Student: 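I have a structure I would like to understand better, so I am pasting it below and will then ask my questions one at a time.
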Amino acid sequence: QQCYSFSLLVRRLHKNNMVDVSKWPLFSLMGPQELSSIRRACVFGTSANEVIYITSDDEVYVFGLNCSNCLGTGDSLSTIVPKKLDFLSGRKVISLSYGSGPHILLATEDGELFAWGHNGYSQLGNGTTNQGVAPVLVSANLLNKKVTEVACGSHHSMALTDSGEVYAWGYNNCGQVGSGSTANQPTPRRVSNCLQNKVAVGIVCGQTSSLAVVDNGEVYGWGYNGNGQLGLGNNGNQLTPCRLVALQGLCVQQIVSGYAHSLALTDEGLLFAWGANTYGQLGTGNKSNQLSPVQIMTEKERIVEIAACHSTHTSAAKTQSGQVYMWGQCRGQSIVLPHLTHFTCTDDVFACFATPSVMWRLLSLEHDDFLTVAQSLKKEFDSPETADLKFSIDGKYIYVHKAVLKIRCEHFRSMFQSHWNEDMKEVIEIEQFSYPVYRSFLEFLYTDNVELPPEDAIGLLDLATSYCENRLKRLCQHIIKRGITVENAFSLLSAAVRYDAEDLEEFCFKFCVNHLTEVTQTAAFWQTDGNLLKDFICRASRCGAFKN
């Protein structure tokens with residue numbers, strides 16, 4: 001029966017659906033086989049007429065108009081057929097950004113930084129203003145530095161290193177390089193002043209402005225501020241980094257910049273906007289600029305991702321349940337309040353409604369090899385027609401396939417050995433875990449995805465720990481992180497300690513310290529085991545939480 005049910009299952013599998021990048025018209029030129037090989041991609045350019053993509057075997061391809069030699073092919077010819085950049089062959093790309101020229105910055109897993117394209121303001125960082133017709137290693141002042149992230153303004157560049165240092169170079173007419181002057185910067189220069197002893201964790205650029213978020217959640221801005229895009233309460237340019245004091249007391253996790261506006265997302269899922277608002281891109285309901293951050297979408301559920309890019313006036317956000325909102329300039333219209341879409345990701349907003357329809361980030365396409373089995377099996381999960389085993393939990397059945405469980409999980413591979421009683425059973429009773437938790441676990445084995453509210457994810461974390469499912473454990477921690485609040489933070493910290501989830505423990509601890517006053521007033525804090533409470537107080541004291 002087992003062989004029959006599995007063969008029937010295989011016959012009924014549907015071909016894996018590829019991620020749909022054809023929302024960007026340039027990709028419609030590519031066939032299914034070419035599309036299936038793409039792992040990362042970026043559409044860029046003043047008219048969204050250039051493409052760079054990376055394949056599953058780490059080959060880099062480009063095609064499109066080739067303005068300012070931005071394709072890096074060694075010539076100025078446009079191409080409608082993808083061309084391989086042999087110089088970058090085999091290098092694992094981790095970050096990519098583009099300017100308005102355009103110029104391109106690309107960072108690899110080894111920490112190397114490459115640049116090419118427009119160079120009228122030395123934005124390639126090579127000390128000249130000669131256009132870069134092909135990728136060149138940016139080494140000046142970055143020797144022995146490992147670059148982890150890059151960001152481009154219209155004609156200036158920034159790089160973030162693994163030690164949290166920020167470097168900037170290129171056009172500096174408004175102080176966007178942060179050097180203290182308005183002279184163009186021909187090579188990478190460390191942005192210091194009040195960032196000197198800070199550890200930056202994120203960088204973004206507007207057209208002629210720069211922002212950085214540091215590890216304690218503070219945000220710093222410098223450069224052009226004529227529309228208030230630095231969020232400092234005034235519209236004066238800043239030649240060196242200046243902290244956004246209006247966000248004091250908040251822990252910012254993500255920042256993005258549009259052409260002349262900025263958005264910030266806190267660790268509690270709160271969204272703030274400031275800067276230019278000509279097209280309603282702040283989402284405040286009007287078109288008035290804001291010189292300081294204002295909170296928006298206060299009536300919506302928790303925000304988990306925000307999106308904007310320096311070449312558009314469009315904004316987007318994704319909520320915890322997966323709803324995607326857009327506002328600002330959308331296909332020529334000014335949408336002044338966040339509008340709920342039917343998209344499943346913020347990237348689709350830019351493909352369909354931004355002008356130009358560029359990508360706001362280097363897009364990851366996680367289809368094919370890793371997800372092929374999961375997506376194919378998804379249809380057959382909990383299907384009585386093909387199942388050869390069922391689990392009974394709380395009086396409810398879940399239908400599964402032994403072969404799939406044995407392939408996907410070491411626990412079941414051991415269970416279905418001939419010397420285990422379970423191997424002969426057609427129904428297995430589960431009493432240790434609840435129905436939603438166990439069903440989510442089995443569905444994970446078929447789909448590689450977990451869809452549970454943060455509260456239930458604690459139970460699934462317990463199961464993942466018991467069954468030694470490390471990837472599931474990481475997914476649970478990710479869900480829990482996105483659902484952390486002042487009210488549940490200490491309970492989540494307790495669970496993280498109990499299940500030996502070190503990354504989650506560190507995250508929850510930092511959240512509790514960042515919101516110490518509120519957390520210590522919650523029931524969860526005072527109902528916690530005394531030893532954990534003592535450990536927390538000692539650890540918080542060591543990191544300076546109780547200093548005046």
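Counting from 1, the numbers follow the sequence of the chain as shown. The basis for the numbers below is simple: all heavy atoms, side chains too, and nothing from hydrogens, waters or symmetry mates. Since the structure is predicted, the reported quantities are computational estimates derived from the model, not experimental observations.
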Student: Shortest non-hydrogen contact from Asn66 to Ser78?
Tutor: CB-CA, 4.1 Å
Student: Is a donor from one side chain sitting under 3.5 angstrom from an acceptor on the other, for Thr284 and Gln290?
Tutor: no
Student: Could you check whether any side-chain N or O of Ser68 sits under 3.5 Å from a backbone N or O of Gly101, counting only pairs where one atom can act as donor and the other as acceptor?
Tutor: yes
Student: Run the salt-bridge test on Lys23 and Asp347 with the 4.0 Å N-O cut-off and return the result as yes or no.
Tutor: no
Student: Can you spot which of Ile296, Thr266, Val294 makes a side-chain contact (heavy atoms from CB on, under 4.5 Å) with Phe272?
Tutor: Thr266
Student: Are Lys145 and Tyr167 packed together at the side-chain level, in the sense that at least one heavy-atom pair is separated by less than 4.5 angstrom?
Tutor: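 Answer yes - side chains close enough.
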Student: Can you find a pair of side-chain heavy atoms, one from Phe87 and one from Trp116, that are under 4.5 Å apart?
Tutor: no
Student: Looking at CG of Leu365 and CZ of Arg39, how far apart are the two atoms once the value is rounded to the nearest 0.5 Å?
Tutor: 8.0 Å
Student: For Tyr220, is the OH atom crowded, meaning more than 12 foreign heavy atoms sit under 6.0 Å from it?
Tutor: yes
Student: What is the minimum heavy-atom distance between Trp274 and Leu282, and which atoms define it?
Tutor: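 Closest pair (atom of Trp274, atom of Leu282, distance): O-CD2, 3.3 Å.
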Student: Hey, does the side chain of Asn277 reach the backbone of Ser288 with a donor-acceptor pair shorter than 3.5 angstrom?
Tutor: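 Checked: pair present.
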Student: Verify side chain to side chain contact (heavy atoms under 4.5 Å, CB included) between Leu113 and Leu137, making sure each step is shown before the conclusion.
Tutor: CA-CA 6 Å; Leu113 173 61; Leu137 181 68; 5.5 Å; no
Student: CZ of Phe511 to CD1 of Ile484: how many Å apart, nearest 0.5 Å?
Tutor: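 With rounding to 0.5 Å, CZ (Phe511) is 5.0 Å from CD1 (Ile484).
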Student: Using a 3.5 Å distance criterion without hydrogens, assess whether the side chain of Ser97 forms a donor-acceptor pair with backbone atoms of Cys152.
Tutor: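 The answer is yes, because a donor-acceptor pair under 3.5 Å joins these two groups.
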Student: Rounded to the nearest 0.5 Å, what separates atom CZ in Phe63 from atom CD1 in Ile52?
Tutor: 11.5 Å
Student: Is the CD atom of Gln295 crowded by more than 12 outside heavy atoms at less than 6.0 Å?
Tutor: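 Correct, the count exceeds 12.
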Student: Tell me the closest heavy-atom pair linking Ala317 and Met297, and the distance in Å.
Tutor: CB-SD, 4.2 Å
Student: Look up atom CG in Leu516 and atom CD1 in Ile537, then write down how far apart they are to the nearest 0.5 Å.
Tutor: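 Result: 9.0 Å between the selected atoms.
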Student: Of all the heavy-atom pairs spanning Cys512 and Phe490, show the shortest one and how long it is.
Tutor: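 Closest pair (atom of Cys512, atom of Phe490, distance): SG-CD1, 4.0 Å.
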Student: Other residues, nucleotides and ligands only: do more than 12 of their heavy atoms fall within 6.0 Å of CD on Glu502?
Tutor: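 Atom CD in Glu502 is not packed in, count stays at 12 or less.
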Student: Report the distance from atom CG of Leu230 to atom CG of Asn227, rounding to the nearest 0.5 Å.
Tutor: 10.0 Å
Student: Report yes or no: does Asn184 contribute a side-chain atom to a donor-acceptor pair with the main-chain N or O of Asn172 at less than 3.5 Å?
Tutor: yes
Student: Tell me whether the rings of Phe350 and Trp360 are parallel (<30°), tilted (30 to 60°) or perpendicular (>60°).
Tutor: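 Phe350 and Trp360: tilted rings.
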Student: Distance check, rounded to the nearest 0.5 Å: Leu77 atom CG versus Leu65 atom CG?
Tutor: 11.5 Å
Student: For a 4.5 angstrom cut-off between non-hydrogen side-chain atoms, does Arg302 reach Thr485?
Tutor: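 Answer yes - side chains close enough.
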Student: Taking all non-hydrogen atoms of both residues into account, name the closest pair between Cys205 and Ser257 and its distance.
Tutor: O-CB, 3.5 Å
Student: If you apply the rule side chain to side chain contact (heavy atoms under 4.5 Å, CB included), what do you find for Phe353 with Thr314, and how did you get there?
Tutor: CA-CA 8 Å; Phe353 283 92; Thr314 307; 5.5 Å; no
Student: Taking atom types as modelled, is there a side-chain donor on His313 or Thr278 under 3.5 Å from an acceptor on the other?
Tutor: no
Student: I'd like to know if the side chain of Trp24 reaches the main chain of Ser357, judged simply by a donor and an acceptor atom lying under 3.5 Å from each other, with no hydrogens or angles considered.
Tutor: yes
Student: Dump the intermediate steps for side chain to side chain contact (heavy atoms under 4.5 Å, CB included) on Leu232 and Gln238, then the final yes or no.
Tutor: CA-CA 10 Å; Leu232 303 176; Gln238 291 291 327; 3.4 Å; yes
Student: Decide yes or no for Val213 and Glu218: does some side-chain heavy atom of the first lie under 4.5 Å from some side-chain heavy atom of the second?
Tutor: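 Counting from C-beta outward, Val213 and Glu218 never come under 4.5 Å.
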Student: Within the 4.5 Å heavy-atom criterion, are Asn141 and Arg190 side-chain neighbours or not?
Tutor: no
Student: Where the side chain of Arg331 meets the backbone of Cys352, is there a donor-acceptor pair that is under 3.5 Å apart?
Tutor: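 Checked: pair present.
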Student: Any chance you could lay out the ring-ring contact (aromatic ring centres under 6.0 Å, His included) test for Tyr98 and His310, step after step, and finish with the verdict?
Tutor: CA-CA 9 Å; Tyr98 56 85; His310 73 80; 5.8 Å; yes
Student: Keeping the roles fixed (side chain from Thr341, backbone from Phe343), state whether a donor-acceptor pair exists under 3.5 Å.
Tutor: yes
Student: Might you point out which heavy atoms bring Glu149 and Val201 nearest each other, and give the distance in Å?
Tutor: OE1-O, 3.9 Å
Student: A quick test of your reading: do over 12 heavy atoms of other residues, nucleotides or ligands sit less than 6.0 Å from NZ of Lys510?
Tutor: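 Open.
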Student: In terms of side-chain heavy atoms, does Glu59 have a donor or acceptor partner in Ser89 at a distance below 3.5 Å?
Tutor: yes
Student: Under 4.5 Å between any side-chain heavy atoms of Asp58 and Glu109, yes or no?
Tutor: no
Student: Please walk me through it: do Arg474 and Asp503 pass salt bridge (charged side-chain N to carboxylate O under 4.0 Å, His left out)?
Tutor: CA-CA 9 Å; Arg474 289 194 298 271; Asp503 182 54; over 6 Å; no
Student: For Gly180, is there any backbone N or O sitting under 3.5 Å from a side-chain donor or acceptor partner on Thr240?
Tutor: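 The answer is no, because no donor-acceptor pair under 3.5 Å joins these two groups.
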Student: Quick one: does Asn235's side chain have a donor or acceptor within less than 3.5 Å of a partner on Gly228's backbone?
Tutor: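 Side chain of Asn235 to backbone of Gly228, a donor-acceptor pair under 3.5 Å: no, none is there.
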Student: Would you say the side-chain atoms of Ser100 and Gln207 include a donor-acceptor pair closer than 3.5 Å?
Tutor: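 Distance-only check passes for Ser100 and Gln207.
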Student: Would you tell me whether Asn126 and Thr128 have side-chain atoms, one donor and one acceptor, within less than 3.5 Å of each other?
Tutor: yes
Student: Applying salt bridge (Lys or Arg N to Asp or Glu O under 4.0 Å) between Glu305 and each of Lys318, Arg361, Arg482, report the one that passes.
Tutor: Arg361
Student: Check for a donor-acceptor pair, side chain of Gln176 on one end and backbone N or O of Tyr171 on the other, with a separation under 3.5 Å.
Tutor: yes
Student: Please tell me if the side chains of Gln329 and Tyr259 come closer than 4.5 Å, counting only heavy atoms from C-beta onward.
Tutor: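 They are not in contact (no side-chain heavy atoms under 4.5 Å apart), so the answer is no.
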Student: What residue among Asn173, Val177, Leu239 forms side-chain contact (heavy atoms from CB on, under 4.5 Å) with Thr182?
Tutor: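 Among Asn173, Val177, Leu239, the one that satisfies the side-chain contact (heavy atoms from CB on, under 4.5 Å) with Thr182 is Leu239.
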